[in-house]
Amino acid sequence: MPINIDQARYDTPATREILHFNNAGAALMPTPVLQAQLHHLQQEADFGGYEAAADADDRIEAIYTSLAKLLNADSREIALVENATVAWDMAFYSINFAPGDIILTAEAEYLSNHIAFLQIARRTGAVIEVVPSDEAGELDLDALERMIDRRVKLIAITHVPTNGGLVNPAAAIGRIARAHGILYLLDACQSVGQLPIDVAAIGCDMLSATGRKYLRGPRGTGFLYVRRGVLEQLEPPFLDLQAVTWAELDRYQMRPDARRFENWERNVAAQLGFGAAVDYALALGLPDIAARVEQLAEDLRHRLSEIPGATVHDRGRQRCGIVTFTIEGKQPRDIVAVLRRQNINAHASAASIPQLVPPPRRLPAVVRASVHYYNTEQEAVRFAAAIAALR
Ligand SMILES: Cc1ncc(COP(=O)(O)O)c(C=O)c1O
């Protein structure tokens, strides 16, 4: 069923005041997400934090079930953590690298992930190899195949890069990883909530994401998926009383599920809001969300590309809700500041990492306008008019 846009905007009161094209930064939370948090905070104030959490036990458990449904996973394969970086780090730093092990990654990998590669390479003697992009800007699958050998321990890529609206071929990469028995870690921070994600179809072993972006959850929420079949190979870098039970003086037992990657103290109100956000997305349906987001983004790209001096930079065979562009003679951050004064939100994204991306494929600093299903064609018209008026 097509999404009821009037209802979605009614549930998002801020849409009456602002034009929000910063959904890849942090999307606007719908009212049920806000209410779930406010309600729990009130319970904490009235009854105490531990008591409120105990009363919310069933709703906390339901978050795992909802995320499992979102990903076509099992709820025992989900860990709730503070953000996507913690989720990704808990997975990555759990892998036991030895000297000469190869980490294969992409040119458009998220910067923090690459910093972790560098640290582990320095610490263990593992080697980082960057798979080049193809002419469409996606990870080159043929090059990936050619770079596989027995020393490859991990393939770690980002599904939807920070700047640039392309979608990397996650499932095709998964088929290669599976065929060669290589661990596969997918950073899905910017794809979860805007695209249907099926971990079984993608074939990833680990997947990380955040709450605040396309899922429309609160800030400071995130999750990690870890496939049951690889759990026992992974030893979390930090263990606390949530992750293990202490059996004897010198022996502890790790949890048998993905919650071994969690830690005990948490913002329960935020997590309940996050659960409400996942349920809200599930009720609308990810295929319908994806179709609407794609259509709005293509419409916006078309309008921007008609403005003299504007260049749209998005590449990729499959593109998503992230629209990136530059305007000749204007700095992205100055454009974002001018828009902000008109109650229009967009984001200035940094240029590609020069160490990773060779010159012909490097992206400059860009304006990132990221749309969601609750945005409208009229907003795209107004946005393009504001950009055209800059000149
Ligand atoms: C591709 C990608 N991965 C990871 C992150 C980090 O997410 P978080 O800020 O929730 O840790 C971001 C944030 O922008 C991102 O774009």
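Bear in mind the structure is a predicted one, so any value in this text is a computation, not a measurement. Whatever order the structure lists them in is the order used to number ligands and atoms, beginning at 1. When reading the values below, keep in mind they use all heavy atoms of this one structure, side chains included, and skip hydrogens, waters and symmetry mates.
Between E262 and R255, every side-chain heavy-atom pair lies at or beyond the 4.5 Å cut-off.
The protein non-hydrogen atom at the shortest distance from atom 8 (P) of ligand 1 is R212 NH1, 3.5 Å. The protein non-hydrogen atom at the shortest distance from atom 16 (O) of ligand 1 is T162 OG1, 3.1 Å. Remark: minimum distance from atom 11 (O) of ligand 1 to any protein heavy atom is reached at T85 OG1, 2.5 Å. For atom 3 (N) of ligand 1, the closest non-hydrogen atom of the protein is D187 OD2, 2.6 Å.
Heavy-atom contacts from other residues, nucleotides or ligands closer than 6.0 Å to CZ of R382 number more than 12. Atom CZ of R219 sits in a sparse spot, with 12 or fewer heavy atoms from other residues, nucleotides or ligands closer than 6.0 Å.
Between the side chains of D11 and Q7, at least one donor-acceptor pair of N or O atoms lies under 3.5 Å. In this model, no donor atom of one side chain and acceptor atom of the other lie less than 3.5 Å apart for N345 and N22.
For R301 and F325, the positive end is not near the middle of the six-membered ring at less than 6.0 Å and at most 45° from its axis.
Using a 4.0 angstrom heavy-atom cutoff, K213 counts as in contact with ligand 1. Using a 4.0 angstrom heavy-atom cutoff, E82 does not count as in contact with ligand 1.
Close approach to T158 involves these atoms of ligand 1, each under 4.0 Å from a residue heavy atom: 1 (C). Of all atoms in ligand 1, listed by their number and element, those nearer than 4.0 Å to a heavy atom of A84 are 7 (O), 8 (P), 10 (O), 11 (O).
Classification of D134 and R317 as a salt-bridged pair holds, one side-chain N sitting under 4.0 Å from a carboxylate O.
When the heavy atoms of V86, T210, I157 are ranked by distance to atom 10 (O) of ligand 1, first place goes to T210.
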